[in-house]
Amino acid sequence: MEIINVDSHITAIDHNLLGVPGVGVTYVVRGETIALIETGTSLTVPHTLAGLEKLGVRAEEVEHILCTHIHMDHAGGAGYLAAALPRATVYIHSTSVPHLVDPSKLVPSVRRAVGEAAWPLHGDIKPIPAERLLPAEALRLDLGRDVVLAAIATPGHSPDHLSYRDLKSGGLFIGDAAGLIMDHWGLAFPVTPVPTYDLMAQRNTIAMLRKMNLPRIYVTHHGPHDDVDFQLERAHAKLEELVDLTEKALDAGEPDTIALAAEWIRCPDDSPAITMARSWSEMSTAGMLRYLKKQRSAQS
């Protein structure tokens, strides 16, 4: 667990997502009350709670837990955090609220998407009582001391994906809206997962983000970045690279998602991040293949 100082009112807790440092964070946003943004998986919750303790944050001070979308590396720990933080309300897109009340359909879907090698790193999901959940699409959360968080729809990676604008700094907590930026591991790419990935929506989201003139993006994977134009352009370029590779593979026959992922994303076999890199890149090539096949079928 590592504490990362971000702004005067924002701190990040690196909670060893998927068992590796430099992969995921939970953001702590402080006004008169405190909000957490992103939960990690159930396995990261002990690290997050240890980080809050190190920061001197008492459990009863945390009143809000915001998730950008339903995927387990972003919302999987919400139930366990809510149990440990009894005053906190959990916010997520309304279409995803039922999956946190009853995760029985979500869990097998995630297992299929991430693959068997990475699945043990995702833990489980503790159901959340419905009365502790609120829809986040229109959220405007005033934490006091001029700290306000406002939700923005950023679909593509998933249809329920939201980002949260910090009106004090002007920065945006973007979740997976433009992918991951893990330069510590030499990895930066958009994640395009099965089963609900939407290429056109993600293209539109990245274009919208580029027009917002954001001074900073707070990335879940991983950390704050001030070089916003560069990062969004890199995400766009890497996305179009995957589209091109996938289109050519489809033209040549039935593509091999594993081989396609290895061509698109290169990570040394001895890297501590290799399991994550393989899981997320293979999940992405599968998602892009599924999307492009559906588009071709609709046009034929």
Side-chain angles (χ1 to χ4, degrees), residues 4-14 22 24-31 34-38 64 66-69 71 74 91-93 135-184 186-192 197-243 284:
I4 303 168
N5 293 316
V6 178
D7 282 320
S8 60
H9 61 297
I10 301 173
T11 309
I13 301 172
D14 184 325
V25 296
T26 289
Y27 289 97
V28 183
V29 185
R30 304 198 208 198
I34 293 174
L36 305 183
I37 300 180
E38 307 286 55
H64 314 282
L66 283 61
C67 304
T68 58
H69 60 296
H71 295 164
H74 296 258
Y91 304 83
I92 197 167
H93 195 285
E137 295 97 308
L139 184 66
R140 184 181 175 89
L141 194 60
D142 189 341
L143 302 181
R145 300 177 188 166
D146 299 320
V147 179
V148 178
L149 298 171
I152 298 172
T154 48
H157 172 80
S158 65
D160 67 327
H161 199 289
L162 300 169
S163 297
Y164 299 101
R165 188 81 184 262
D166 170 40
L167 301 187
K168 184 168 186 174
S169 70
L172 187 69
F173 297 92
I174 67 168
D176 284 344
L180 56 87
I181 306 168
M182 299 190 305
D183 292 324
H184 179 75
L187 297 167
F189 59 92
V191 181
T192 63
Y197 177 71
D198 186 326
L199 173 61
M200 289 307 299
Q202 187 162 39
R203 281 173 167 162
N204 291 337
T205 284
I206 293 175
M208 177 192 72
L209 295 175
R210 295 175 75 178
K211 291 177 181 178
M212 290 177 68
N213 296 315
L214 297 165
R216 174 174 283 185
I217 50 176
Y218 307 107
V219 184
T220 305
H221 317 292
H222 166 275
H225 294 268
D226 295 336
D227 54 344
V228 178
D229 289 342
F230 168 76
Q231 297 297 351
L232 294 178
E233 172 56 33
R234 181 165 65 166
H236 169 75
K238 201 66 179 173
L239 178 64
E240 297 307 324
E241 179 186 333
L242 177 58
V243 173
S284 294

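With sequence neighbours excluded, no residue satisfies side chain to side chain contact (heavy atoms under 4.5 Å, CB included) with D146. A search for salt bridge (Lys or Arg N to Asp or Glu O under 4.0 Å) contacts involving D227 returns nothing, not counting sequence neighbours. In this view, R145 satisfies the salt bridge (Lys or Arg N to Asp or Glu O under 4.0 Å) rule with no residue, not counting sequence neighbours. Considering only residues two or more places apart in sequence or on other chains, H64 meets the ring-ring contact (aromatic ring centres under 6.0 Å, His included) condition with Y91. Looking at residues two or more places apart in sequence or on another chain, you find no ring-ring contact (aromatic ring centres under 6.0 Å, His included) involving H93. Every residue two or more places apart in sequence or in another chain was checked for a ring-ring contact (aromatic ring centres under 6.0 Å, His included) with Y164, and none qualifies. Evaluation of the salt bridge (Lys or Arg N to Asp or Glu O under 4.0 Å) rule for E241 yields K238 as partners, not counting sequence neighbours. By the ring-ring contact (aromatic ring centres under 6.0 Å, His included) test, Y27 pairs with F173, Y218, sequence neighbours left out. Remark: D7 pairs with R216 by the salt bridge (Lys or Arg N to Asp or Glu O under 4.0 Å) rule, at least two apart or across chains. In terms of the side-chain hydrogen bond (donor to acceptor under 3.5 Å, both in side chains) criterion, residue partners of S158 (sequence neighbours excluded) are, by chain and number, D160.
Pairs of residues two or more places apart, or lying in two chains, that qualify as salt bridge (charged side-chain N to carboxylate O under 4.0 Å, His left out) and include a residue from residues 198-207 are R203-E240. Residue pairs satisfying the salt bridge (charged side-chain N to carboxylate O under 4.0 Å, His left out) criterion with at least one member in residues 164-173, sequence neighbours excluded, are absent.
Residues I34 and L143 form no side-chain contact, since every pair of their non-hydrogen atoms from C-beta on lies 4.5 Å or further apart. A heavy-atom distance below 4.5 Å is not found between the side chains of T11 and V6. The side-chain heavy atoms of I10 and V28, taken from C-beta on, include no pair separated by under 4.5 Å. By the 4.5 Å heavy-atom criterion applied to side chains, L180 and L187 are counted as neighbours. Residues L149 and I37 are in side-chain contact: their nearest non-hydrogen atoms beyond the backbone lie under 4.5 Å apart. Proximity of I181 to I217: side-chain heavy atoms (C-beta onward) are separated by under 4.5 Å at one or more points. H157 places a side-chain heavy atom less than 4.5 Å from the side chain of V191. At least one side-chain heavy atom of L199 sits under 4.5 Å from a side-chain heavy atom of L239.
A153 approaches L162 most closely through the heavy-atom pair CA-CD2, 3.9 Å. Between A136 and A151 the shortest heavy-atom distance is O-CB, 3.1 Å. Between L232 and A178 the shortest heavy-atom distance is CD2-CB, 3.7 Å. The minimum heavy-atom distance between T205 and P155, with the atom names listed, is OG1-O, 2.7 Å. Contact between P215 and S169 at its shortest, heavy atoms only, is CG-O, 3.5 Å.
Note that CG of L172 and CG of L209 are 6.5 Å apart. Values are rounded to the nearest 0.5 Å. To the nearest 0.5 angstrom, M212 atom CE is 8.0 Å from S163 atom OG. Within the model, atoms CD1 of I92 and CD of E137 stand 10.0 Å from one another, a figure rounded to the nearest 0.5 Å.
Across Q202, H69, H161, a single residue satisfies side chain to side chain donor-acceptor pair (under 3.5 Å) together with T154, and that is H161. Each of V148, L66, V29 was compared with L141 under the side-chain contact (heavy atoms from CB on, under 4.5 Å) criterion, and only L66 meets it.
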Dump the intermediate steps for side chain to side chain contact (heavy atoms under 4.5 Å, CB included) on L167 and R140, then the final yes or no.
CA-CA 10 Å; L167 301 187; R140 184 181 175 89; 3.6 Å; yes
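A donor-acceptor pair shorter than 3.5 Å can be found between the side chains of H74 and H221. Of the N and O atoms on the side chains of H184 and H222, not one donor lies less than 3.5 Å from an acceptor on the other residue.
A donor-acceptor pair is defined here as one N or O able to donate and one able to accept, closer than 3.5 Å; no such pair exists between the side chain of T220 and the backbone of G24.
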